[in-house]
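The structure presented is a predicted model; accordingly, all values stated were derived computationally and were not measured.
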Amino acid sequence: PRICAANEKGSAVLVPKNPAPNRGTRTLSADTLTAVFNRETQEVEKVDAGGNARFSEQDRNGSARQMSYTASDETVRLRGEPVVWDSRAR
């Protein structure tokens, strides 16, 4: 895999592979970001966000000390004091 890292506050914008009404563009931002790419396809396999990590997708939001996004299951995992909210509740 190829690895790309950002250490001065960055954002990653992730567009879903299979568009659906309940899925939208996801944005991860944090103090540090590390992205792992598939060497052959150049597609993102994983993004790790550390330090003041934030997530948003449509009206869904989250924050935690660390987050990981895996493309294989299109899931964001929050670790370290996670907080999630949407337009109905926080």
Side-chain angles (χ1 to χ4, degrees):
R2 295 184 146 204
I3 299 173
C4 179
N7 294 319
E8 295 278 334
K9 295 193 180 189
S11 296
V13 178
L14 306 160
V15 178
K17 293 178 187 176
N18 302 311
N22 64 340
R23 300 306 303 230
T25 299
R26 295 172 208 118
T27 303
L28 273 77
S29 60
D31 294 341
T32 62
L33 292 173
T34 303
V36 178
F37 296 87
N38 181 295
R39 186 175 294 278
E40 294 173 12
T41 66
Q42 302 300 309
E43 295 287 325
V44 172
E45 291 181 347
K46 182 177 180 181
V47 177
D48 289 322
N52 300 310
R54 298 201 171 276
F55 164 79
S56 66
E57 177 187 30
Q58 295 180 340
D59 77 335
R60 294 179 290 272
N61 301 281
S63 65
R65 283 195 303 255
Q66 297 179 324
M67 292 184 191
S68 291
Y69 166 80
T70 49
S72 61
D73 58 4
E74 295 189 359
T75 300
V76 176
R77 292 169 178 82
L78 289 71
R79 284 184 237 113
E81 300 178 32
V83 177
V84 294
W85 69 95
D86 62 15
S87 60
R88 295 172 293 216
R90 180 170 183 159

Drop me the distance from Gln66's CD to Glu81's CD, to the nearest 0.5 angstrom.
11.5 Å
Quick check: does any side chain N or O of Glu57 sit under 3.5 Å from a backbone N or O of Gly24, one acting as donor and the other as acceptor?
yes
Min side-chain heavy-atom separation Thr70-Arg77 under 4.5 Å:
yes
Which residue in the set Lys46, Glu45, Glu43 passes side chain to side chain donor-acceptor pair (under 3.5 Å) when paired with Asn38?
Glu45
Please evaluate residues Tyr69 and Glu74 with respect to the criterion side chain to side chain contact (heavy atoms under 4.5 Å, CB included), reporting the C-alpha separation (whole Å), side-chain torsions for both, the decisive distance (0.1 Å), and the verdict.
CA-CA 7 Å; Tyr69 166 80; Glu74 295 189 359; 3.8 Å; yes
Contact check, side chains of Phe55 and Leu78, non-hydrogen atoms, under 4.5 Å
no
Looking at every non-hydrogen atom in both residues, tell me the closest pair between Leu33 and Ala49 and how far apart they are.
CD2-CB, 3.5 Å
Gap between atom CZ of Arg54 and atom CG of Asp31 - 0.5 Å precision
10.5 Å
What pair of heavy atoms forms the shortest contact from Ala53 to Ala30, and how long is it?
CA-CB, 3.9 Å
Check Ser87 against Asp59 and note the closest heavy-atom contact, atom names and distance.
OG-OD2, 2.5 Å
Is it true that the side chains of Asn61 and Ser56 contain a donor and an acceptor less than 3.5 Å apart?
no
Who are the salt bridge (Lys or Arg N to Asp or Glu O under 4.0 Å) partners of Arg79, not counting sequence neighbours?
none
Search all heavy atoms of Pro82 against all heavy atoms of Ala64 and return the closest pair with its distance.
CA-CB, 4.0 Å
